Amino acid sequence: MKISIGCDHGGYELKMEIIEHLKERGIEVKDFGCGEGEKCDYPDIAFPVAESVAAGEADKGILVCGTGIGMSIAANKVKGIRAAVVDQPTSAGLTKEHNNTNVLCLGGRISGTVIALETLDAWLYSEYQGGRHQERLDKIAAYENR
Ligand code: RB5
């Protein structure tokens, strides 16, 4: 599995914990920045990460800012992206099972590392259920393509 990841200055520390966590699990990670001590605007990171997922260059994307909210707003502007901000494992699993989210947004100033990594794992290792959920995603895609 390949994952694109990025953060702003509010998410840098959590992003680095996530990268280590993913690499320990044998997952290939491409880091789109920002780097340590840099200050950046979340859309400048969210767009290239989301575009890499939409283009099929990565299987999934992870975005971390202070709350995860700005990243999710920006990522959802990219066609084909279904991004969700979650802060606990139950919602994380359900957003994969029901919404087939391809980008997960986390808040570096919201969750502690342990909960954030449990939330990430719940998303990573859940499966999309399809069926009735696909009809709803088709409606979103039709709106996006209208
Ligand atoms: C940056 O200070 C902060 O606004 C950003 O990380 C994020 O929380 C926005 O949604």
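In listed order, ligands and their atoms are each counted from 1. Note that the coordinates shown come from a computational prediction; the quantities given were computed from them, not determined experimentally. Both backbone and side-chain heavy atoms feed into the values below; hydrogens, waters and symmetry mates do not.
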> Do W123 and T95 meet the criterion of a side-chain donor-acceptor pair at a distance under 3.5 Å?
Replying inline: no

> Can you list the ligand 1 atoms lying under 4.0 Å from a non-hydrogen atom of G66?
Replying inline: 5 (C), 6 (O), 7 (C), 8 (O)

>> Quick test: of every protein heavy atom, which one is nearest to atom 2 (O) of ligand 1, and how far off is it to 0.1 Å?
In response: R109 NH1, 3.4 Å

>> Could you tell me if the side chain of D59 sits less than 4.5 Å from the side chain of V53, heavy atoms only?
In response: no

> Does some side-chain heavy atom of I62 sit less than 4.5 Å from a side-chain heavy atom of L22?
Replying inline: yes

> Does an N or O from T67, backbone or side chain, lie closer than 3.5 Å to an N or O of ligand 1?
Replying inline: yes

>> How far is atom 1 (C) of ligand 1 from the closest protein heavy atom, and which atom is that?
In response: H9 NE2, 3.6 Å

> Given that the side chain starts at C-beta and the backbone is N, CA, C, O, which of these parts of M71 lies under 4.0 Å from ligand 1, counting heavy atoms, or is it both or neither?
Replying inline: neither

> In terms of residue, atom name and distance, what is the protein heavy atom nearest to atom 9 (C) of ligand 1?
Replying inline: Y42 CE2, 3.5 Å

>> Under the side chain to side chain contact (heavy atoms under 4.5 Å, CB included) test against K96, which residue among R82, E127, Q129, K60 passes?
In response: K60

>> Would you say atom 4 (O) of ligand 1 makes contact with the protein, given that contact here means a non-hydrogen protein atom less than 4.0 Å away?
In response: no

> Between Q134 and Y128, is any side-chain donor less than 3.5 angstrom from a side-chain acceptor?
Replying inline: yes

> So is there a nitrogen or oxygen of I69 less than 3.5 Å from a nitrogen or oxygen in ligand 1?
Replying inline: no

> Taking side chain as C-beta onward, heavy atoms only, is I18 less than 4.5 Å from L120?
Replying inline: yes

> Is G70 close to ligand 1, meaning an N/O of one under 3.5 Å from an N/O of the other?
Replying inline: yes

> Which of the numbered atoms in ligand 1 are below 4.0 angstrom from a heavy atom of D8?
Replying inline: 1 (C), 5 (C), 6 (O)

> When you check the gap from the basic side-chain N to the acidic O, do K15 and D31 get nearer than 4.0 Å?
Replying inline: yes

